[in-house]
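Here's the structure we're looking at; comments come further down.
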Amino acid sequence: MQPDLHQKQQQQGIDVAVLVSIGRHPTTGRARRAEQDARGLELALAIEAELPGTRISMLHAGSQDDSSEAALRGYLGMGLKSMTLLEQPEGSDAILALAKHLAATSPQLVITGARAERGEGSGLLPYALAEHLDWPLVNSLASVEKVENGVVTLLQALPRGQRRRLKVRLPAIISVDEAAPVARQSAFGPARRATFAITPTTPEADSELAQWHLSPARKRPKRLKIVKAASARDRFKAAASKSEGKGGQVLTDVSPEQGAEAIYKLLKEEDVLR
């Protein structure tokens, strides 16, 4: 955000809610702050620095234990003095609790990571919240350029390094991924001194998640093509070339039912659905 001085004097602070989750270290599997959620908090802190009077509230829905508390304090060490914990047992539906709290507190801007590092990791939470609250949603956010007269100017990240400028009327929900600025380091002292405001909720079980069978993800073996070349130059060229898929299918001008049937058939062939 780089507004000039005259604009900054006319602007007023906004209420920003940052949704955070418990992350998972990719190597050790230990609980930590989630990378994308930390970038979302970094974005909120940048808004606060450029827009005086901005109020940041951090929100997490889940249970409180030693491992989760250590991970959540990783966010608090970035500069916040407290956070709100919507306490609910494992296996509860976090979307309903978050939607009720956001509807009651009415922040002007909600920032969340694009995908969780634990649990389902479907990336549907921002979309579900936007549907419950009937708020606009912008994904893959790179930066917030300006907030003025109830309208926020955003820079959205597109494939191949492209950017798109959008103007969205508040309240709104934005999700961030690796295109957002890297989060600052967490300071141990402020993280330990920060407090939790525990808010009791009426937990509702996630009935759909209870029917799933969860197992650790594993890498599938990569098929290697047989290279038949007479010279070293041909072998190097074949090894360095990008392999192209030959079993794909492009569907155009088909009905939703036909598209869904084709996707279902592919998932069955790839042994994703059994």
Side-chain angles (χ1 to χ4, degrees), residues 1-3 8 13-87 94 98 107 109-119 121 123 125-126 138-147 152 154-157 161 163 173-198:
M1 298 176 59
Q2 297 179 349
K8 188 182 293 187
I14 61 174
D15 293 323
V16 181
V18 182
L19 311 184
V20 298
S21 61
I22 307 298
R24 182 179 186 274
H25 195 279
T27 303
T28 64
R30 297 178 61 182
R32 64 165 189 175
R33 68 177 188 182
E35 177 65 24
Q36 293 181 354
D37 293 342
R39 289 173 184 255
L41 179 56
E42 181 67 33
L43 189 66
L45 293 172
I47 298 175
E48 182 186 38
E50 293 291 341
L51 199 59
T54 295
R55 296 158 296 277
I56 300 177
S57 60
M58 192 162 57
L59 188 63
H60 171 72
S63 58
Q64 185 181 25
D65 51 40
D66 293 339
S67 62
S68 64
E69 181 177 346
L72 294 175
R73 288 193 181 276
Y75 297 107
L76 292 169
M78 294 174 63
L80 271 69
K81 296 181 179 180
S82 66
M83 71 172 296
T84 301
L85 175 63
L86 302 180
E87 196 170 25
L98 292 172
L109 187 63
V110 177
I111 304 177
T112 178
R115 187 184 302 273
E117 297 178 359
R118 287 188 168 194
L125 185 138
V138 178
N139 61 353
S140 301
L141 192 75
S143 65
V144 176
E145 293 189 333
K146 183 173 60 175
V147 181
V152 57
L154 308 171
L155 204 60
Q156 185 184 37
R163 296 291 185 265
I173 300 176
I174 58 177
S175 65
V176 302
D177 51 22
E178 284 71 17
V182 178
R184 67 190 68 181
Q185 290 186 347
S186 178
F188 179 79
R192 300 305 303 174
R193 291 190 294 268
T195 59
F196 291 92
I198 300 178

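Since the model is a prediction, treat every value here as computed from it, not as a measurement. The residues of the chain are indexed from 1 along the displayed sequence.
- Side chains of Asp37 and Val18 form no contact here, defined as non-hydrogen atoms less than 4.5 Å apart.
- With contacts defined as side-chain heavy-atom distances shorter than 4.5 Å, the pair Met83/Tyr75 does not qualify.
- At most 12 non-hydrogen atoms from other residues, nucleotides or ligands lie less than 6.0 angstrom from CG of Asp66.
- Taking both residues in full, the closest heavy atoms of Asp177 and Arg39 are given as O-CD, 3.4 Å, listed atom of the first, atom of the second, then distance.
- Scanning all heavy atoms of the two residues, the minimum distance from Arg118 to Arg30 falls at NH2-C, 4.1 Å.
- Across all their heavy atoms, Leu43 and Ser143 have their closest contact at CD1-CA, 4.0 Å.
- Between Ile22 atom CD1 and Glu69 atom CD the span is 10.0 Å, to the nearest 0.5 Å.
- A pairwise comparison of heavy atoms in Gly123 and Arg115 identifies N-NH1, 4.0 Å as the closest pair.
- Taking each heavy atom of Thr112 and Pro126 in turn, the nearest pair found is CG2-CG, 3.7 Å.
- Atom-to-atom distance recorded for Leu59:CG and Ser21:OG is 11.5 Å, nearest 0.5 angstrom.
- A heavy-atom distance below 4.5 Å is found between the side chains of Ile47 and Leu109.
- Between Met78 and Ala183, the shortest heavy-atom contact is CE-CB, 3.9 Å.
- Inter-residue side-chain proximity for Val138 and Gln156 is flagged as met; some heavy-atom pair is nearer than 4.5 Å.
- The distance from atom CD1 of Ile198 to atom NE2 of His60, rounded to the nearest 0.5 Å, is 11.0 Å.
- Just one residue in the list Leu125, Ile173, Ile111, Leu41 forms a side chain to side chain contact (heavy atoms under 4.5 Å, CB included) with Leu19, and that residue is Leu125.
- Taken to the nearest 0.5 Å, the OG atom of Ser68 stands 10.5 Å off from the CZ atom of Arg73.
- Looking at Arg55 and Val16, their side chains never come closer than 4.5 Å, going by heavy atoms from C-beta outward.
- Sequence neighbours left out, the pairs with a member in residues 178-187 that pass side-chain hydrogen bond (donor to acceptor under 3.5 Å, both in side chains) are Gln36-Glu178, Glu42-Arg184.
- Put simply, CE on Met58 and NZ on Lys81 are 14.0 Å apart, with the number rounded to the nearest 0.5 Å.
- Looking only at side-chain heavy atoms (C-beta outward), Thr54 and Val147 stay at 4.5 Å or farther from each other.
- In this structure the side chain of Arg32 reaches within 4.5 angstrom of the side chain of Pro26, judged on heavy atoms.
- Side-chain polar atoms of Asn139 and Ser175 form no donor-acceptor pair below 3.5 angstrom.
- A distance of 6.0 Å separates CD1 in Ile56 from CG in Leu80, rounded to the nearest 0.5 Å.
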